[in-house]
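This report concerns only the one structure given below.
All values below come from the heavy atoms of this structure, side chains included, with hydrogens, waters and symmetry mates left out. Order of the sequence lines sets the chain letters (A, B, ...), proteins ahead of strands, with each chain counted from 1.
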Protein chains: 2
Amino acid sequence: MNTAPSQDTTPPAEHWRSYGPLDLHPILMHAMAAFNEHGYHGTSVRDIAGRVGVTVPALYYHYENKQALLATLLETSIKDVLDRCRAAAGETGDEPLARFCGMVESIVLYMAHRRQLAFLDTEIRSLEPQNRARYVALRDYLEHMLLDTVEAGRAQGVFTTPIPADAVRSVLVMCQGVANWFREDGPLTAEEVAERHVLLSLGTVGHPGAVTGDPPPFPRLVSHRSPSPVRTSAPGGSAPRASR
Amino acid sequence: MNTAPSQDTTPPAEHWRSYGPLDLHPILMHAMAAFNEHGYHGTSVRDIAGRVGVTVPALYYHYENKQALLATLLETSIKDVLDRCRAAAGETGDEPLARFCGMVESIVLYMAHRRQLAFLDTEIRSLEPQNRARYVALRDYLEHMLLDTVEAGRAQGVFTTPIPADAVRSVLVMCQGVANWFREDGPLTAEEVAERHVLLSLGTVGHPGAVTGDPPPFPRLVSHRSPSPVRTSAPGGSAPRASR
DNA sequence: CCTACCGATCGGTAGG
DNA sequence: CCTACCGATCGGTAGG
């Protein structure tokens with residue numbers, strides 16, 4: 001889209017499928033890890049400080065309190081997935097089927113590549129009302145984006161579910177669920193998990209092709225010719241399961 | 001099944017669709033409520049004792065410690081849903097489609113009718129290793145029951161998903177998700193939510209009828225003649241959404 | 001074998 | 001960013 005010369009100070013639009021190492025302040029990184037292991041209330045500020053290698057007061061020099069750590073992490077997370085999903089939707093255009101697939105792919109890629117951030121969604125209960133309200137508003141916006149696309153697809157007959165709002169909520173729940181079980185050293189890559197969840201989601205919203213396999217949205221998946229080097233059974237058998 | 005006379009001391013088999021008031025020790029009831037509101041680590045034993053109206057030592061007379069409260073609640077919950085799912089599977093017989101529908105219905109009914117118990121699933125991280133292992137084993141057993149049924153249906157062609165293990169995990173995640181948003185005073189009854197999730201789940205595992213509407217597994221749902229008195233749009237519009 | 005507490009205080013930790 | 005602390009509260013237990 002941007003045709004400006006490379007010396008333009010505008011950074012190149014980060015692609016929604018591209019994930020580098022997570023770049024957060026060390027305090028946020030270790031807070032994220034601790035919250036993942038023990039939950040928000042189960043984590044002491046001394047634990048976080050110890051992981052970072054600083055004293056407790058040093059923590060409070062950088063962040064107002066423990067709540068600010070969680071709020072910053074959750075807001076960073078929801079904004080990133082929302083940006084990526086918007087980018088995916090924009091790139092795939094107005095065709096509801098492709099748009100839906102791109103959005104689901106982008107969300108699942110996020111859940112897998114940013115598992116530790118995405119997993120914090122379970123801690124929204126520990127957000128103070130104002131922080132929670134902002135987080136939930138962004139999450140609801142994501143849900144509405146996806147619902148609009150499903151409604152558009154319904155109008156065209158590419159999605160047949162009679163209950164699009166329920167279907168979208170279920171799709172988002174199953175995407176979010178990826179953050180609960182995905183492991184980097186598991187049998188499936190993030191990209192493979194995303195591909196599978198696109199297929200599963202298409203079934204949930206009632207896309208005929210997802211069920212009949214005609215046309216196959218993911219030939220590799222449907223015909224069992226996955227390039228994944230990890231296989232727990234012969235081709236034609238059940239798919240390998242990710243670790244828990 | 002049981003043809004014994006009524007004076008038999010064997011209690012009538014509790015039906016898996018039947019839900020009376022939750023009957024737990026008052027301490028467990030209030031611990032459940034507190035854990036729901038603030039999480040395990042966010043709840044003090046004094047808070048629980050205060051809700052019950054007893055002193056803290058009185059709490060420790062009945063339960064060894066706070067951990068035992070959570071472990072008892074979670075074990076009660078997973079055993080109940082497992083029992084009900086087994087009953088549903090047994091009642092619906094060996095036909096994979098009906099069996100799958102019955103199992104999903106039983107699980108979703110549990111998530112809605114026993115929302116506060118089912119929601120504690122988010123606290124497994126706070127279980128000590130031994131307690132967690134027993135809980136996860138029972139949850140895995142439920143998953144295997146459902147997977148066996150989906151595999152059987154695949155062999156018959158009633159389910160077409162090429163990734164049955166992923167589909168089953170997604171189905172269970174979306175069922176569990178009901179405990180996150182269902183409200184008794186919401187627009188949908190537990191029974192309506194269960195019916196919708198059976199349809200959504202059929203799409204996820206690739207049951208052709210769920211997508212083509214032929215044959216319609218749930219005529220009321222597919223033809224928009226729901227008896228629900230709550231409607232947010234005219235027939236043919238989008239389905240009402242449950243409260244958050 | 002079960003149900004049912006009290007006033008006071010234990011050693012440590014919480015967020016700040 | 002550290003040393004030195006605070007008011008209060010944590011999960012759990014003492015003797016009676």
Side-chain angles (χ1 to χ4, degrees), chain A residues 23-76 120 122-132 134-135, chain B residues 9 11 21-76 120 122-132 134-135:
Chain A
D23 184 28
L24 293 176
H25 190 288
I27 291 176
L28 286 179
M29 290 288 275
H30 288 97
M32 175 185 72
F35 293 159
N36 264 274
E37 290 173 34
H38 310 297
Y40 177 73
H41 286 297
T43 299
S44 69
V45 292
R46 279 163 178 78
D47 177 13
I48 298 171
R51 291 169 187 248
V52 182
V54 298
T55 62
V56 170
L59 231 61
Y60 284 89
Y61 174 83
H62 292 283
Y63 292 93
E64 190 188 350
N65 49 30
K66 193 167 82 156
Q67 171 75 198
L69 293 174
L70 179 63
T72 302
L73 286 166
L74 275 171
E75 194 134 328
T76 300
L120 297 180
T122 58
E123 298 291 343
I124 39 173
R125 179 179 44 189
S126 298
L127 283 179
E128 289 163 5
Q130 193 176 340
N131 294 329
R132 179 165 54 239
R134 276 185 296 136
Y135 181 82
Chain B
T9 53
L22 181 55
D23 185 30
L24 293 176
H25 190 289
I27 290 176
L28 287 180
M29 290 288 274
H30 288 97
M32 175 186 72
F35 293 159
N36 265 274
E37 290 173 35
H38 309 296
Y40 177 74
H41 286 297
T43 300
S44 69
V45 292
R46 279 160 180 79
D47 178 13
I48 298 170
R51 290 169 187 247
V52 182
V54 299
T55 62
V56 170
L59 230 62
Y60 283 91
Y61 176 83
H62 291 284
Y63 292 92
E64 190 188 351
N65 49 28
K66 194 167 80 155
Q67 172 75 198
L69 293 174
L70 179 63
T72 302
L73 286 166
L74 275 171
E75 194 133 329
T76 299
L120 297 180
T122 59
E123 297 291 343
I124 40 173
R125 179 179 44 189
S126 298
L127 284 178
E128 289 164 5
Q130 193 175 339
N131 294 328
R132 179 165 56 241
R134 275 185 296 135
Y135 180 83

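Annotation for A:Asn131 and A:Gln67: closest pair ND2-OE1, 3.1 Å, computed over non-hydrogen atoms. The heavy-atom pair separating A:Asn65 from A:Ala68 by the smallest distance is OD1-N, 2.9 Å. A:Glu123 approaches B:Arg125 most closely through the heavy-atom pair OE2-NH2, 2.6 Å. Closest approach of B:Leu59 and B:Val45 over heavy atoms only: CD2-O, 3.5 Å. Annotation for A:Thr72 and A:Thr76: closest pair O-OG1, 2.7 Å, computed over non-hydrogen atoms. Scanning all heavy atoms of the two residues, the minimum distance from B:Leu127 to B:Tyr135 falls at CD1-CB, 4.1 Å.
Across the interface with DNA chain D, nearest-nucleotide mapping of A:Val54 and A:Arg46 shows A:Val54 to be the residue nearer the 5′ end.
Applying the ring-ring contact (aromatic ring centres under 6.0 Å, His included) test to A:His38 and every residue at least two apart in sequence or in another chain returns nothing. Applying the salt bridge (Lys or Arg N to Asp or Glu O under 4.0 Å) criterion to A:Arg134, with sequence neighbours excluded, gives A:Glu75.
Taking the P atom of each, D:dG16 and C:dC2 are spaced 26 Å apart, rounded to whole Å. Distance check on atom P: C:dA4 versus D:dG15 gives 24 Å, rounded to whole Å. Across the C1' atoms, C:dG12 and D:dC5 are found 16 Å apart, a figure rounded to whole Å.
The distance from the OH atom of B:Tyr60 to the NZ atom of B:Lys66 is 8.0 Å, given to the nearest 0.5 Å.
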Nucleotide pairing, DNA chain D (Watson-Crick or G-U, distances under 3.5 Å), in dot-bracket with [ ] and | = ....||.|......|.
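Taking every side-chain heavy atom of A:Pro57 into account, D:dA4 is the closest of D:dT13, C:dG16, D:dA4. The side chain of A:Tyr61 sits closest to D:dC1 out of D:dT3, D:dC1, D:dG12.
Scanning residues 62-73 of chain A for heavy-atom distances under 4.0 Å to DNA chain D yields A:His62. For the segment residues 26-45 of chain B, the set of residues with a heavy atom within less than 4.0 Å of an atom of DNA chain D comprises B:Thr43, B:Ser44, B:Val45, in numerical order.
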Kindly list each side-chain donor-acceptor pair under 3.5 angstrom involving residues 21-32 of chain B, sequence neighbours excluded, with atom names and distances?
| from | atom 1 | to | atom 2 | distance (Å) |
| --- | --- | --- | --- | --- |
| B:His25 | ND1 | B:Ile27 | N | 3.0 |
| B:His30 | ND1 | B:Pro26 | O | 2.9 |
| B:His30 | NE2 | B:Arg51 | O | 3.4 |

Test A:Leu69 against A:Tyr40 for side-chain contact (heavy atoms from CB on, under 4.5 Å), laying out the working first.
-> CA-CA 10 Å; A:Leu69 293 174; A:Tyr40 177 73; over 6 Å; no
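Considering only side-chain N and O atoms, A:Thr55 lies nowhere under 4.0 angstrom from the phosphate OP1 or OP2 of D:dC1.
If you measure from atom CG of A:Asp47 to atom P of C:dG15, you get 10 Å, rounded to the nearest angstrom.
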